[in-house]
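One structure is given here, and the rest of the page talks about it.
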Amino acid sequence: MTISTGETLPDATLQKIGADGPEAVSVKDLTKGRKVVIFAVPGAFTPTCHSAHVPSFVRSMDALKQKGVDEVVCISVNDAFVMKSWGEATGATEAGITMLADGMGEFTEKLGLSFDAPPVGLKGRSKRYAMMVEDGVVKVFHPETGSGCEISGGEAMVEAL
């Protein structure tokens with residue numbers, strides 16, 4: 001079953017690279033008492049994710065902050081080292097986007113948003129989406145239906161808020 005508006009996010013442990021290496025990040029702690037935009041992509045450095053989806057949130061950061069968003073988070077079923085490098089390569093880290101790894105796909109599976117695409121070598125990856133969560137509850141949910149990121153992009157989230 002796929003997560004939907006009005007539901008509480010399941011807890012899971014994601015990872016980021018901190019000063020001393022990989023650090024665990026609890027989804028529950030990340031969203032508790034906060035307004036957080038979470039967007040997910042099928043893979044770091046993949047064409048649409050790299051050239052369109054992440055840049056849409058880089059462009060939208062100021063507008064999202066003006067709407068009261070405390071943090072913007074990008075999640076992918078990649079490892080934390082890749083997410084760190086990708087954040088640096090795209091300017092996402094400099095823009096203030098938190099790049100988190102769902103390395104084993106635990107969070108993605110709990111959301112009901114995993115998929116496989118064997119022809120391009122993807123297994124257990126995340127479908128493309130964006131959501132705004134307040135105190136752990138999904139208030140806005142934009143699952144992408146096509147191959148682009150029009151529904152799940154940064155500008156669409158600004159419009160929804």
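Predicted model, so just to flag it, every value in this text is computed and none were measured.
- With Leu161 as reference, Met132 is the one residue of Lys139, Gln66, Met132 to meet the side-chain contact (heavy atoms from CB on, under 4.5 Å) rule.
- At least one side-chain heavy atom of Met131 sits less than 4.5 Å from a side-chain heavy atom of Leu9.
- Side-chain atoms of Lys65 come within 3.5 Å of backbone N or O of Asp70 as a donor-acceptor pair.
- Taking the side chain as every heavy atom from C-beta outward, Phe107 and Asp11 never approach each other to under 4.5 Å.
- A 4.5 Å side-chain heavy-atom check between Met61 and Ile97 finds at least one atom pair inside the cut-off.
- No side-chain donor-acceptor contact under 3.5 Å links Ser60 to the backbone of Ala63.
- The residues Arg59 and Glu155 are annotated as salt-bridged, a charged nitrogen and a carboxylate oxygen being separated by less than 4.0 angstrom.
- A donor-acceptor pair is defined here as one N or O able to donate and one able to accept, closer than 3.5 Å; such a pair exists between the side chain of Glu7 and the backbone of Ser4.
- Side-chain contact check for Thr5 versus Val140: every heavy-atom pair is 4.5 Å or farther apart.
- Here the shortest heavy-atom pairing between Val36 and Leu30 reads CG2-O, 3.7 Å.
- For the residue pair Asp102 / Ser126, no side-chain donor-acceptor distance below 3.5 Å is found, with atom types taken as modelled.
- Annotation: ring pair (Phe, Tyr, Trp, His ring centres under 6.0 Å) contacts involving residues 141-161, sequence neighbours excluded, are absent.
- Proximity of a side-chain donor or acceptor of Glu144 to a complementary backbone N or O of Arg128 within less than 3.5 Å is not detected.
- Contact check for Met83 versus Cys74: side-chain heavy atoms found under the 4.5 Å cut-off.
- Judged by distance alone, with hydrogens and angles left aside, the side-chain atoms of Asn78 form no donor-acceptor pair with the main-chain N or O of Gly43 at under 3.5 Å.
- The two residues Asp135 and Gly33 make their nearest non-hydrogen contact at OD1-N, 2.6 Å.
- Between the side chain of His50 and the backbone N or O of Pro55 there is no donor-acceptor pair closer than 3.5 Å.
- Between Phe39 and Phe57, the gap from one ring centroid to the other is short of 6.0 Å.
- Using a 4.5 Å heavy-atom threshold, the side chains of Val41 and Cys149 count as separate.
- Judged by distance alone, the side chains of Thr98 and Glu71 do bring a donor and an acceptor atom under 3.5 Å apart.
- Across all non-hydrogen atoms, the minimal contact from Lys67 to Val158 is CE-O, 3.6 Å.
- Under the side-chain contact (heavy atoms from CB on, under 4.5 Å) test applied with Val27, the options Leu14, Val73, Thr13 reduce to a single match, Leu14.
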